[in-house]
> 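Sending over a structure as structure tokens; questions will come in a sec.
Note on naming: letters A, B, ... go to the chains in the order of the sequence lines (proteins, then strands), and numbering restarts at 1 for each one.
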Amino acid sequence: MLRIDDTDFARSKKEYEDAMRESLKWLGFNWCEEARQSARFARYDALRDELIAKGRIYACYDTPEELQIKRKRAMAKGEAPIYDRQALRYTEADLAKFKAEGRKPHYRFKLLPGIIEWNDIVRGHCQYEAEKLSDPIIIREDGSYLYHFPSCVDDSDFGITHIVRGEDHVTNTAAQIQMFEAIGGKVPTFAHLPLLTGVEGKLSKRLGSLGVRELKAEGVEAMAICSFLAKLGTSDAIEPFYSLDELADSLDFEKLGRSQPKFDEEELKHFNTKFVRSMPYAAVKDRVNVSEEFWNKVRPNLDLVSDIKIWADICHSEVTPIIEDKALTDLAADLLPPEPWNDETFNTWLNEVKAQSGKKGKELFHPIRKALTALDNGPELKTLLPLIGREKAQKRLKGIKA
RNA sequence: GGUCCCAUCGUCUAAUGGUUAGGACAUCACCCUUUCACGGUGGCAAUAUGGGUUCGAGUCCCGUUGGGAUCACCA
């Protein structure tokens, strides 16, 4: 299920949602159901009214400025900046005054005193004293909901069994557990994963340090990203997976560490190269315009899947040869045996070139490679030559564009 | 500042209180390839720090230092 948490009108833009969908789909995620919080306000309102009647949700008239001042004062005194619940002590006169001033209330969820505890799949037993937590604001002055309340209602209504999220949510969990209880829902099982850090410190989705779109544009494979990220911070080796299902099957909460792994984009790129070189034809056949045989022969030399085009062009289109040693390449052209070729053709031919030219090793291979491909490196010439074919090979060795 | 979490090779991590502290990635060396690349085999490399508990501590306890999260009318 994909759930769109779009209760904040100011921040919920269609383009953000579209970008997220696009990235999720590209990464290979599928969902068969969708829900949108902005379509469920009636449900939230009903529960809200119930909880207001029970005294678990209460109206507050503090302004953001007043709250800010209170927070600063508390911290300056070395106290925890917890909301002082002044709203619970309003007199009739106070309320009349707010009304006269035209102030509108926002609403908080009232935490019950006591220890809130849960058994976190990755953090183990967790506990917080409710008295040391602020009553969370759940409805803004403009009447719109903040994420806490709708999310608990939805998780409960949709029968969500496990909440797996970043550890930046641990404190929220304490308050949310009381919300689940207040609305009569079942408290889900929680797993709070350590947040990744960047090589030079924090990594934040809000800083835009990392974007799926950018990685995609740089040629990083979707499954390389998934394989890498899923195993980072676990005791499993990071290795290529070609399907999300297989990857998911290999995952195990037991293997998750509790300390923050570093995410290094360079490492991902490096892994991606390894990933591309190991990709089976089935994983790329829809995107590349080459045969399985061609893919398998050239793939160990690719950095990006799109580089396959470079080799397809070298074998099937025109190349302007680079002649480094004219005597040698002319000789090689003259000695090129007639087709059909077999496995021994290359060796026989090259040995003859070697014998007649007196050149060996790099001096022998490099000029031939440059003439045939115009590049410094690539798959073995023995592999490449049959793919290029006699006609093109001979012309290129003679310095003719072919 | 309050609350909470974390600390083992460069990186990700493994080790019922008893191992030469293991693996993977990176790096280096060698081998293979009559060339570059690919590949194969080896080497280097770590328990942040100070106390305790114990016959014995990476492992348990306390302190220190360092890192992170949270304390929004964001999610």
Side-chain angles (χ1 to χ4, degrees), chain A residues 5-8 10-12 37 60 62-64 67-68 71-72 74-83 104-108 120 122-124 126-129 131-134 136-148 150-151 165-174 192 194-197 199 201-202 205-206 228 231-239 255-264 266-267 270-271 274 277-278 297-303 346-347 350-351 353-354 359-370 373 375-383:
Chain A
D5 287 13
D6 57 350
T7 57
D8 186 341
R11 293 170 205 252
S12 302
Q37 293 190 328
C60 304
D62 312 83
T63 64
L67 293 173
Q68 184 74 281
R71 253 194 305 273
K72 280 190 178 161
M75 281 171 75
K77 279 199 290 185
E79 289 166 7
I82 299 167
Y83 178 59
K104 284 196 169 137
H106 57 277
Y107 292 83
R108 289 185 188 257
D120 195 287
V122 337
R123 308 192 122 208
C126 295
Q127 67 172 47
Y128 283 86
E129 280 177 63
E131 292 89 330
K132 291 189 174 168
L133 268 21
S134 269
I137 294 173
I138 60 167
I139 300 172
R140 296 182 184 84
E141 194 180 327
D142 68 2
S144 63
Y145 287 92
L146 279 94
Y147 124 97
H148 294 273
S151 292
R165 51 171 29 165
E167 69 182 5
D168 49 337
H169 281 282
V170 274
T171 319
N172 290 337
T173 302
H192 288 96
L195 263 15
L196 302 182
T197 58
V199 183
K202 297 182 192 182
K205 62 180 176 181
R206 294 198 167 83
F228 186 85
K231 298 300 176 130
L232 188 62
T234 73
S235 53
D236 279 332
I238 294 174
E239 54 185 359
K255 291 181 175 172
L256 256 162
R258 294 175 74 180
S259 56
Q260 297 154 332
K262 278 193 182 60
F263 171 82
D264 184 345
E266 287 313 306
E267 251 179 82
H270 194 96
F271 174 73
K274 211 179 123 173
R277 290 173 178 173
S278 73
K297 283 184 170 167
V298 171
R299 132 190 118 157
N301 290 81
L302 301 176
D303 287 331
F346 180 83
N347 287 342
L350 205 75
N351 277 326
V353 177
K354 181 182 175 184
K359 297 284 171 68
K360 61 180 180 179
K362 194 172 180 174
E363 292 199 330
L364 173 66
F365 275 79
H366 202 254
I368 293 177
R369 177 180 290 285
K370 286 286 248 192
T373 70
L375 292 175
D376 284 312
N377 54 42
E380 279 190 51
L381 285 179
K382 186 178 176 174
T383 307

> Rounding to an integer number of angstrom, what distance separates A57(B) and G52(B) when you compare their C1' atoms?
11 Å
> Considering only nitrogen or oxygen atoms on both sides, find all protein atoms under 3.5 Å from nucleotides 59-66 of chain B and state each distance.
none

> Between the protein and nucleotides 12-16 of chain B, are there any N/O to N/O pairs under 3.5 Å, and if so, what are the atom names and distances?
| from | atom 1 | to | atom 2 | distance (Å) |
| --- | --- | --- | --- | --- |
| C12(B) | OP1 | Lys262(A) | N | 3.2 |
| C12(B) | O2' | Gly233(A) | N | 3.2 |
| C12(B) | O2' | Thr234(A) | O | 3.4 |
| U13(B) | OP1 | Gly233(A) | O | 3.4 |

> Could you check whether Arg108(A) and Ser134(A), counting side-chain N and O atoms only, form a donor-acceptor pair closer than 3.5 Å?
no
> So what does Asn301(A) hit on the nucleic acid, given a heavy-atom distance under 4.0 Å: a base, only sugar-phosphate, or nothing?
base
> Under the 3.5 Å rule, do the base of U70(B) and the side chain of Asn172(A) count as making a donor-acceptor pair?
no
> Can you list everything that forms a side chain to side chain contact (heavy atoms under 4.5 Å, CB included) with Lys382(A)? Sequence neighbours excluded, please.
Phe346(A), Asn347(A), Glu380(A)
> Please give the distance between the P atoms of C71(B) and U47(B) as a whole number of Å.
37 Å
> Base, sugar-phosphate or nothing for Tyr107(A)? Non-hydrogen atoms, less than 4.0 Å.
nothing
> May I ask you to verify if any side-chain N or O of Thr171(A) is less than 4.0 angstrom from the OP1 or OP2 atom of A69(B)?
no
> Checking all strands, does Ser151(A) fall into the base, sugar-phosphate, or nothing category for heavy-atom contacts under 4.0 angstrom?
nothing
> Any donor-acceptor pair under 3.5 Å joining the side chain of Asp168(A) to the base of A69(B)?
no
> Sort me out a list of protein N/O and nucleotides 26-29 of chain B N/O pairs below 3.5 Å, or just none if empty.
| from | atom 1 | to | atom 2 | distance (Å) |
| --- | --- | --- | --- | --- |
| A26(B) | OP1 | His270(A) | NE2 | 3.0 |

> Under 4.0 Å, heavy atoms only, any strand: does Asp142(A) hit a base, just the sugar-phosphate, or nothing?
nothing
> When you measure only distances, ignoring hydrogens and angles, does the side chain of Arg369(A) come within 3.5 Å of the base of C36(B) through a donor and an acceptor?
yes
> With rounding to whole Å, what would you report as the distance between G63(B) and G23(B) at their C1' atoms?
34 Å
> Please measure how far the P atom in U59(B) lies from the corresponding atom in A14(B), and state the result in whole Å.
15 Å
> What residues, two or more places apart in sequence or in another chain, satisfy side-chain hydrogen bond (donor to acceptor under 3.5 Å, both in side chains) together with Tyr107(A)?
none
> By side-chain hydrogen bond (donor to acceptor under 3.5 Å, both in side chains), which residues pair with Ser235(A), not counting sequence neighbours?
none
